[in-house]
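Throughout, residue positions are numbered sequentially from 1 according to the sequence presented.
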Amino acid sequence: MVRQPFHLVEYSPWPLTGAVGAFGLTVGTVAWFHNYTPVAALIGFLLIILTMIQWWRDIIREGTFLGFHTSYVAKGLRWGMILFITSEVMFFFAFFWAFFHSSLAPTPELGCSWPPTGINPLNPFSVPLLNTAVLLASGVTVTWAHHSLIEADRLGAIQALIFTVSLGAYFTFLQAGEYLEAPFSIADSVYGSTFFVATGFHGLHVLIGSTFLLICLLRTLSHHFSSGHHFGFEAAAWYWHFVDVVWIFLYICIYWWGS
């Protein structure tokens with residue numbers, strides 16, 4: 001048998017079910033915003049959750065029990081994750097571009113000032129600063145978990161992951177409270193649009209990253225990782241560090257400088 005660096009996967013229905021679920025969630029959410037029933041959005045959301053569970057199950061089987069994730073395959077997976085995070089950088093770059101396009105040269109419609117006339121921005125040294133500390137602390141704990149795995153310290157990895165997931169959940173709780181108490185909405189000129197879209201998508205990434213790390217915690221509890229074979233965790237850690245870095249830029253540019 002010729003050695004080749006690819007994992008030729010079996011036919012899988014999960015890309016199709018994921019696409020159908022994403023379509024249903026998108027269309028259903030738009031319909032919900034226009035005062036139609038949210039049933040389509042709920043069905044799409046449930047389909048996405050089921051797809052995640054089944055797809056993750058298959059990948060865990062391939063990498064942990066079937067031995068398909070060889071060193072050659074793992075190298076390809078690493079490059080895939082690097083390219084994915086690069087695409088995410090471009091995604092957030094578009095939001096920063098929109099923000100600076102309006103904030104560096106405010107138009108007369110905005111009162112020739114930034115923040116626009118009539119907008120009371122959030123205090124950057126209250127909840128946003130606390131959220132910054134929370135995410136920076138989570139970056140420390142996820143690094144602690146990584147080094148614990150490398151050193152075969154399973155208990156330390158479990159403790160560190162529990163701290164990291166808890167900090168991610170606390171960040172989401174604080175951001176939800178911030179949104180509820182914000183003195184402006186997404187409809188308040190370009191300031192509200194750029195603020196809620198940029199910080200909202202970052203919050204979505206925190207939720208995704210927290211879920212990613214929660215799965216890693218469950219896998220660590222199930223003895224799925226070893227000191228030399230834990231790329232599933234490495235990918236989650238890379239993603240979490242990316243989320244941390246994006247928040248630092250959001251805090252400096254939008255919360256602090258933009259206020």
Side-chain angles (χ1 to χ4, degrees), residues 81-82 84-106 110-111 113-146 160-161 163-214 235-259:
M81 193 65 191
I82 289 170
F84 170 68
I85 292 176
T86 301
S87 72
E88 293 283 271
V89 171
M90 297 298 104
F91 180 75
F92 279 98
F93 180 79
F95 299 144
F96 283 105
W97 184 287
F99 173 77
F100 284 113
H101 173 79
S102 298
S103 62
L104 292 176
L110 299 176
S113 64
W114 192 266
T117 302
I119 296 291
N120 294 318
L122 297 170
N123 181 2
F125 300 109
S126 58
V127 174
L129 184 60
L130 176 58
N131 263 341
T132 303
V134 168
L135 272 192
L136 290 177
S138 71
V140 173
T141 55
V142 80
T143 303
W144 168 23
H146 192 189
L161 281 171
F163 279 122
T164 307
V165 173
S166 299
L167 288 169
Y170 186 45
F171 176 93
T172 301
F173 172 77
L174 290 174
Q175 189 173 46
E178 180 183 76
Y179 279 7
L180 289 173
E181 297 179 2
F184 54 88
S185 73
I186 195 172
D188 285 325
S189 77
V190 69
Y191 183 90
S193 299
T194 54
F195 176 86
F196 281 103
V197 170
T199 61
F201 270 111
H202 177 270
L204 176 62
H205 282 68
V206 170
L207 283 173
I208 294 170
S210 298
T211 305
F212 204 169
L213 290 168
L214 178 61
W238 291 356
Y239 188 85
W240 195 253
H241 287 309
F242 159 75
V243 168
D244 285 350
V245 172
V246 170
W247 175 259
I248 291 172
F249 280 100
L250 283 173
Y251 177 76
I252 293 173
C253 297
I254 294 181
Y255 283 98
W256 179 61
W257 181 86
S259 65

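Checking each of F184, W114, F95 against F195 for a ring pair (Phe, Tyr, Trp, His ring centres under 6.0 Å) leaves exactly one that passes, namely F184.
Within a 6.0 Å sphere centred on CZ of F91, heavy atoms belonging to other residues, nucleotides or ligands number more than 12. Counting non-hydrogen atoms of other residues, nucleotides and ligands closer than 6.0 Å to CH2 of W257 gives a total above 12. Annotation: W144, atom CH2; neighbour count of heavy atoms from other residues, nucleotides and ligands within 6.0 Å is above 12. More than 12 heavy atoms of other residues, nucleotides or ligands sit less than 6.0 Å from atom CZ of F100.
Using modelled atom types, one side-chain atom of Y179 and one backbone atom of G200 make a donor-acceptor pair closer than 3.5 Å. Under the 3.5 Å distance criterion, the side-chain polar atoms of Y251 are matched with a main-chain donor or acceptor of P124. Between the H146 side chain and the V142 main chain, no donor and acceptor come within less than 3.5 Å of each other. At least one donor-acceptor pair under 3.5 Å links the side chain of S259 to the backbone N or O of W256. S138 places a side-chain N or O within 3.5 Å of a backbone atom of L135 that can act as its donor or acceptor partner.
Here the straight-line distance linking atom CD1 of I186 with atom OG1 of T194 works out to 9.5 Å at 0.5 Å rounding. The structure places OH of Y170 at 14.5 Å from OG of S210, a figure rounded to the nearest 0.5 Å. To the nearest 0.5 Å, atom OG of residue S185 and atom CD1 of residue I119 are 8.0 Å apart. Within the model, atoms CG of L167 and CG of L174 stand 10.5 Å from one another, a figure rounded to the nearest 0.5 Å. Atom CZ of F249 and atom CD1 of I254 lie 12.0 Å apart (nearest 0.5 Å). Taking CG from L130 and CD from Q175, the interatomic distance works out to 12.5 Å, rounded to the nearest 0.5 Å.
G258 approaches P115 most closely through the heavy-atom pair O-CG, 3.4 Å. Between A198 and L250, the shortest heavy-atom contact is CB-CD2, 3.8 Å. Across every non-hydrogen atom of V246 and F96, the tightest pair is O-CZ, 4.4 Å.
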Item to check | Full working for side-chain contact (heavy atoms from CB on, under 4.5 Å) between I248 and L136 | outcome: CA-CA 9 Å; I248 291 172; L136 290 177; 3.8 Å; yes
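Looking at T132 and W247, their side chains do bring a donor and an acceptor atom within 3.5 Å of each other.
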